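Working notes, beginning with the structure itself.
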Amino acid sequence: MENKEKLSSKDLGRKILLEFKDLLIGAAFPFMLSLILSATVISYAAYGNADDLGLKIVILIVGEVMIIAATVIFGKQNGATAYKKTVQNGNKRKVNSSDEASKLYIGEFSLVKGILIPFISCIPFIIFQIVGAAYENDVCGFALSYVFGWAYFPFKLAGLSQWHNLIWIIPYAGVHLAAYIWGGKTEKKKQDQLAAAEEVKDTKKKK
């Protein structure tokens, strides 16, 4: 396992900034997909009356399945990209490259990042949900219904307290983490195969 050098306070500050930027990039697409699906498919759960509960539940289930599928796709991509970056940075460090990202280990595969990415994408929802639950208002109500419906409607239709909605962050992060690990393992296998093929190629050249 590669031994990491101790970073200076200046480099550590720079690393935190660049890592946060990388996490924001990873969180951008999952956030946008959940927003789009909440504003279209899942938003239909807001219409109708109590007699339409069955239809609302069906609509919600379809929307949630689509959210899960999108999270798996982007989670896997995030994991694959992170592991690929780990290999690339490692190769650069072997040749003493001056590349800042490789020196600071930016964007590399980490289980912590697999959790932080979905958590960061949920920060707007957390803010609106806490404010909306503490003080009911139209702005938060609209945002929760048409932007974060994936987490708002399940317990809303069940007639439970809004505070329960925050629970949905846990399975959402869990799905992303599982897909992130899957993507990382898939990319590792691919990189191992490429390394083995390159080694065979070099051996043949030496003969």
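One is the number of the first residue; the rest follow in order along the sequence. On a predicted model such as this, the values are computed, not experimentally measured, just so you know.
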Item to complete: Test side-chain contact (heavy atoms from CB on, under 4.5 Å) on T186 and W182 and set out the steps.
Response: CA-CA 6 Å; T186 302; W182 179 23; 3.5 Å; yes
Discussion item. What verdict does the side-chain contact (heavy atoms from CB on, under 4.5 Å) test give for F20 and I120, after you've listed the backbone C-alpha separation in whole Å, the side-chain angles of each residue and the deciding distance to 0.1 Å?
Written reply: CA-CA 10 Å; F20 184 66; I120 289 174; 4.2 Å; yes
Item to complete: With the side chain counted from C-beta on, respond yes when K188 and T86 share a heavy-atom pair under 4.5 Å apart, and no when they do not.
Response: no
Minimum heavy-atom distance between [X] and [Y], given as atom pair plus value:
{"X": "A179", "Y": "T71", "result": "CB-O, 4.3 Å"}
{"X": "I67", "Y": "I42", "result": "CG1-CD1, 4.1 Å"}
{"X": "A45", "Y": "K56", "result": "O-CD, 3.3 Å"}
{"X": "P154", "Y": "E64", "result": "CG-OE2, 3.6 Å"}
{"X": "L23", "Y": "L116", "result": "CD1-CD1, 4.1 Å"}

Common cluster, [X]/[Y], ILVMFWY with side-chain heavy-atom separation under 4.5 Å:
{"X": "V62", "Y": "Y172", "value": "yes"}
{"X": "V175", "Y": "I123", "value": "no"}
{"X": "L37", "Y": "I169", "value": "yes"}
{"X": "V72", "Y": "Y180", "value": "no"}
{"X": "V147", "Y": "I126", "value": "yes"}

Item to complete: Report yes if the distance between the aromatic ring centroids of F125 and W168 is under 6.0 Å, otherwise no.
Response: no
Practice prompt. Evaluate side-chain contact (heavy atoms from CB on, under 4.5 Å) for K92 paired with K103, printing each intermediate quantity in order.
Written response: CA-CA 8 Å; K92 290 179 181 178; K103 289 174 66 177; over 6 Å; no
Approximate separation, where rounding is to 0.5 Å, of [X] [atom1] and [Y] [atom2]:
{"X": "Y152", "Y": "S38", "atom1": "OH", "atom2": "OG", "value": "12.5 Å"}
{"X": "E187", "Y": "Q77", "atom1": "CD", "atom2": "CD", "value": "9.0 Å"}
{"X": "C122", "Y": "I170", "atom1": "SG", "atom2": "CD1", "value": "11.0 Å"}
{"X": "I106", "Y": "E100", "atom1": "CD1", "atom2": "CD", "value": "7.0 Å"}
{"X": "L12", "Y": "L104", "atom1": "CG", "atom2": "CG", "value": "9.5 Å"}
{"X": "I115", "Y": "S110", "atom1": "CD1", "atom2": "OG", "value": "8.5 Å"}

Is a donor on one side and an acceptor on the other found under 3.5 Å between the side chain of [X] and the backbone of [Y]?
{"X": "N89", "Y": "Y105", "result": "no"}
{"X": "N137", "Y": "Y135", "result": "yes"}
{"X": "T40", "Y": "I36", "result": "yes"}
{"X": "S102", "Y": "D99", "result": "yes"}
{"X": "H164", "Y": "S161", "result": "yes"}

Worksheet item: Does atom CZ of F155 have more than 12 heavy-atom neighbours, drawn from other residues, nucleotides or ligands, at distances under 6.0 Å?
Response: yes
Worksheet item: Is the count of non-hydrogen atoms from other residues, nucleotides or ligands lying under 6.0 Å from Y146 atom OH greater than 12?
Response: yes
Practice prompt. Check I167, L160, L166 against W163 for a side chain to side chain contact (heavy atoms under 4.5 Å, CB included) and give me the one that passes.
Written response: L166
Worksheet item: V139 and F128: side-chain contact (heavy atoms from CB on, under 4.5 Å), yes or no, with the steps?
Response: CA-CA 9 Å; V139 174; F128 278 106; 4.3 Å; yes
Worksheet item: Charged N to carboxylate O under 4.0 angstrom, K15 versus E108?
Response: no
Worksheet item: So, E19 and K113, do they make that salt bridge, N to O below 4.0 Å?
Response: yes
Worksheet item: For the residue pair F109 and Y83, does the interplanar ring angle fall in the parallel (under 30°), tilted (30 to 60°) or perpendicular (over 60°) class?
Response: perpendicular
Fill in: Mutual orientation of the aromatic rings belonging to F74 and F29 [parallel < 30°, tilted 30-60°, perpendicular > 60°]
parallel
